[in-house]
Amino acid sequence: MDLSKLSALEAGRMIKNKEISVAEITKAALENIEKTDKNYHAFITLCADEALKRAEEVQKGIDDGTYTSPLAGVPMALKDNMCTKGILTTCASKILTGFKPFYNATAYSNLENAGAVLLGKLNMDEFAMGSTTETSYYGATLNPWGENRVPGGSSGGSAVAIATDQVYYALGSDTGGSIRQPCAFCGITGIKPTYGRVSRYGLIPYASSLDQIGPMGRSVGDVAAVLNIISGHDPKDSTSVNMDALNITLKNDVKGKKIGVPTDWFGEGLEKDVKEKVLEAAKKLENMGAIIEEFKMPEIEYVIPTYYIIACAEASSNLSRFDGVKYGYCTPSFDDLTDLYCKSRSEGFGMEVKRRIMIGAFVLSSGYYDAYYKKALQVKAVIKKAFDKAFEKYDAILSPTAPTTALKMGENLSDPLKMYLGDIYTVSINLAGLPSMVIPCGFDKEGLPVGLQLTGKPFSENELMNIAYSFQKETDFHLKKPVIKREV
Amino acid sequence: MEFLTTMGLEVHCELSTKTKIFCSCSTEFGGEPNTHVCAVCSGMPGTLPVLNEKVVEYAIRTGIATNCQITRYNKFDRKNYFYPDLPKAYQVSQLYLPICHNGHVDIEVNGAKKAIRIKEIHMEEDAGKLIHDPLDDSTLVDYNRCGVPLLEIVSEPDFESREEVIAYLTKLKAILQYIGVSDCKMEQGSLRADVNISVRPVGTTKLGTRTEMKNINSFKAIARAIEWETERQIDLIEDGGKVIQETRRWDDTKGKSYAMRSKENAQDYRYFPEPDLVPIEISDEWIEKVKKSLPELPTEKKERYIREYGLPEYDVDIITSSKYLVKIFEEALEVCNEPKEVSNWIMGELLRLASETSTEYENIKFDAANLGKLILLLKNKTINRNTAKEVFEKMFAENVEPEKYIKENRLEMTNDAGAVKSVVDAVIAANPKSVEEYKAGNTKVSRHLMGQCMKQLKGKADPASVNEAITEALKEL
């Protein structure tokens, strides 16, 4: 039996029923990673020894009734921007060289308390800035669905670890599409929850007002089970909403649901195959009993500049603390304090990160603040209003996730503007703080996965997941697997 | 040419909350370096601030006590700059919506009353401390002060003299101490001031170019800094030069200020709303609750002391200028109900001893109720005034309990009329020359006799009854 093919919930069930031990499944997962990750490079850090030790601990906890979660004992991994006590946390940046936090991100603590077994830390675009996982200081991650294809980003390591059956689920973070777009590119399922649903404590921030941690997995069921565990109020994060953890129970619930399709999102720039597959999915949902209706949302024209101004502004401030003084990379020789700062930061940050820090510092500088940052906040309010209006009519909004399927390596790295435009369908949802889920809905003519994006009103995760769940019940796109290259 | 000086003040005051503004670390002063520090206040990646509500409450208290409007919808902003004492590389402060605005503090200089307008008060976090080690030419950082809550109290440019500045700071310090939001220990840096100064020729209305002097932390230093900077600017203008808008650092040991940075090199702090904190809404109920919990403020207290106790304004000014003197006054009064006496003891003996021993009022240790007891002992003639002063010195130095001390040292007055009479008789007998003079009409000699008697009685007699006995005895001769 190939354990790696199990879903997270199936694995959890087998562990609970003592059909398999936590140590066995952990060992098998580690062996599988050993064999596959040279080809895909999903991991920055593999914690094999810690994981095996942890597996014993968790097994005891399951046996004595400490861990009762349906995912207890199931091996998983984290995007490397979430702090893990005593374990290297890099944000895929040279500047965090050697940084081992002495605290855990709350989302991970919650998983630990549910008996999760951490296998390691996953690759990403440096500081979550990028849509291809190519900006990682530790090298790019590869998409298993095609030769020389990017997995998307910034949570590309998380997506590939799932797509190649290395882990049963993973956490990603989404500031402008960083969970959803790699899910689409790698044919997996994931959700960016409502802003404030999952604690950001211990998530090294890119843009604090937009960042949100979310689960990525093989099916809606797995993703829902993880979200139940990581959600809920955290007294350490003032922006986490004062609501109990979710208790999602999935059901077939699509009949009579009103789903809006914004026609402006299907215009120029959208690849023909992607458009076709997404509209086919809409048709499918309609056949299943949903009411599909087209509507206008012209605000999409402004979402890219608005997003990049706000995100870069916050990033320029958030990333200022990496100065070579307290932790991480420090330049070996310098003349004075300013030189220490300049050299450590110039040498420690990659190109894309520097570009966004400079954009952010510029839009916040005196004389430009009103023209850029303040204006962006005003447009953000307009975008939010447009969504509010849409949700007066619709239970969900259906759209593509990205204009294309997985790009060729290097294609966007040389053209940042083109890369930014690729975020057009995802960023507005972060600006409005909405929950948004991506599920596989077909393949283009090269066999690359296409992702369907379903967006709901704030805190409608359960309703949204019901629609996605119903869709997965009727389709098998999420069950399709790429050919995974193993070292012999 | 004659010049007018115009000044504005930015006062930073460390709040005396138990914990820091965004984490639960202690705010206590003087811990070993980096012992009052956690992941949050040391700015470790991924950590987030959670606002200490006490800080908001203290800010509201301060706003009410300085007649400010309270901002109902509050936000924090980030002030971005690089410095090793600032581990996040930004300070969380309030730029756009400060918690208090449009207030005033009333001062009085040489009998002239004046209201100094408060532009705004905002909440922010303190930075750490850099310690330069000259031995190996390295700089060390202590993050203990990082995240200690601060209020920045910004005045309008309403000051025209040093005296006004000092009067304002004295008043502000008293208010902050009264309402219990800060201990205002300038020597520990919990109260520090930046002064903006400009000068302009008499007869002109347009304010001159201002300079800002940073972080001056004693009243004397502020007075000196103002004097020096005013003269520097006047000299500059009179020599045909121009004042440049700049920030200057006052070096109190050298008695000079130095340019730190000019406006052209002014840092751009790239302020923007702090996304890690949610806005704070302050309700009417909250403000009312804080209002009710406020103690009597210096001005109210002063008026009441004059009205109810008939004390002189000068004395009341001094007593009400310090929460600690007020405490002594009120606790002593509680015991003896002799306001005039208590005030006299404070204004006389207490201030003298405090000044002779350079004791700050907050460090006066004796139990104020004992002063009340001492006054009662004096009133019921258990001791006389000279003895009382002696006892008070002991109380001030060692916090002795007066009754016990008097008993142990047998300082009670002799109330035995017979004993007094025999001493008087003996003294008269031993001073025939004085008696002669007295008979010749020089009544002043009775004072000499009085001194002799008191000496023999070891001071332990009521001077009035001794005097009476002497007069009687002399009459009888």
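Below, chain A is the first sequence line, B the second, and so on; all start at residue 1.
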Heavy-atom distances under 4.5 Å only: say whether [X] touches chain A with side chain, backbone, both or neither.
X        : answer
B:Tyr271 : backbone
B:Asp276 : both
B:Phe22  : neither

Any chance you could measure [X], atom [atom1], to [Y], atom [atom2], to the nearest 0.5 Å?
X        : Y        : atom1 : atom2 : answer
A:Ser208 : B:Arg78  : OG    : CZ    : 5.0 Å
B:Met44  : A:Phe99  : CE    : CZ    : 4.0 Å
B:Leu48  : A:Thr239 : CG    : OG1   : 6.5 Å

Original post:
Sub-3.5 Å donor-acceptor pair from the side chain of A:Ser320 to the main-chain atoms of B:Phe82, do we have one?
Top reply: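 Not at all, since once roles are kept as given, no pair shorter than 3.5 Å links the two residues.
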Original post:
Between B:Asn80 (side chain) and A:Ser317 (backbone), is there a donor-acceptor pair under 3.5 Å?
Top reply: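 Pair absent, no side-chain N/O of B:Asn80 close to backbone of A:Ser317.
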Answer yes or no: does atom [atom1] of [X] have more than 12 heavy-atom neighbours from other residues, nucleotides or ligands under 6.0 Å?
X        : atom1 : answer
B:Lys129 : NZ    : no
A:Tyr368 : OH    : no
A:Lys343 : NZ    : yes
B:Met260 : CE    : yes
B:Arg192 : CZ    : yes
B:Glu53  : CD    : no
A:Lys354 : NZ    : yes
A:Tyr308 : OH    : yes

Over all atoms of both residues, closest heavy-atom pair of [X] and [Y]:
X        : Y        : answer
A:Ser366 : B:Asp268 : N-OD2, 2.7 Å
B:Leu277 : A:Ser238 : CD2-OG, 3.8 Å
B:Pro45  : A:Tyr103 : O-OH, 2.6 Å

Original post:
Can you say whether the rings of B:Phe272 and A:Tyr373 are parallel (under 30°), tilted (30 to 60°) or perpendicular (over 60°)?
Top reply: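 The arrangement is perpendicular - the two ring planes meet at more than 60°.
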Original post:
Which one of A:Thr89, A:Val325, A:Asn318 has the most heavy-atom pairs closer than 4.5 Å to chain B?
Top reply: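 Looking at each of A:Thr89, A:Val325, A:Asn318 in turn, A:Asn318 comes out on top.
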**OP:** May I ask you to name which of A:Ser209, A:Ala313, A:Gly202 has the most heavy-atom pairs under 4.5 Å with chain B?
**Re:**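 Going by pairs under 4.5 Å, I would pick A:Gly202.
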Original post:
Where on A:Tyr327 is there a heavy atom nearer than 4.5 Å to chain B: the side chain, the backbone, both, or neither?
Top reply: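 Looking at A:Tyr327, just its side chain touches chain B.
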**OP:** Could you walk me through whether B:Ser42 and A:Lys326 pass side-chain contact (heavy atoms from CB on, under 4.5 Å), step by step?
**Re:** CA-CA 9 Å; B:Ser42 63; A:Lys326 299 175 295 292; 5.9 Å; no
Original post:
B:Tyr90 and A:Arg321: side-chain donor and acceptor closer than 3.5 Å?
Top reply: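 Yes, A:Arg321 and B:Tyr90 have a side-chain donor paired with an acceptor closer than 3.5 Å.
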**OP:** Walk me through it: do B:Tyr83 and A:Leu337 pass the test side-chain contact (heavy atoms from CB on, under 4.5 Å)?
**Re:** CA-CA 9 Å; B:Tyr83 207 62; A:Leu337 185 62; 4.2 Å; yes
Original post:
Among B:Cys23, B:Ala89, B:Pro273, B:Pro87, which residue forms the greatest number of heavy-atom pairs with chain A at distances under 4.5 Å?
Top reply: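 So the answer, after comparing B:Cys23, B:Ala89, B:Pro273, B:Pro87, is B:Pro87.
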**OP:** Output the option from B:Val40, B:Thr47, B:Leu86 having the highest count of non-hydrogen pairs under 4.5 Å with chain A.
**Re:**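 Among B:Val40, B:Thr47, B:Leu86, the one with the most close pairs to chain A is B:Thr47.
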Original post:
Is there a side-chain contact between B:Pro84 and A:Tyr341, using heavy atoms and a 4.5 Å cut-off?
Top reply: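 Counting from C-beta outward, B:Pro84 and A:Tyr341 do come under 4.5 Å.
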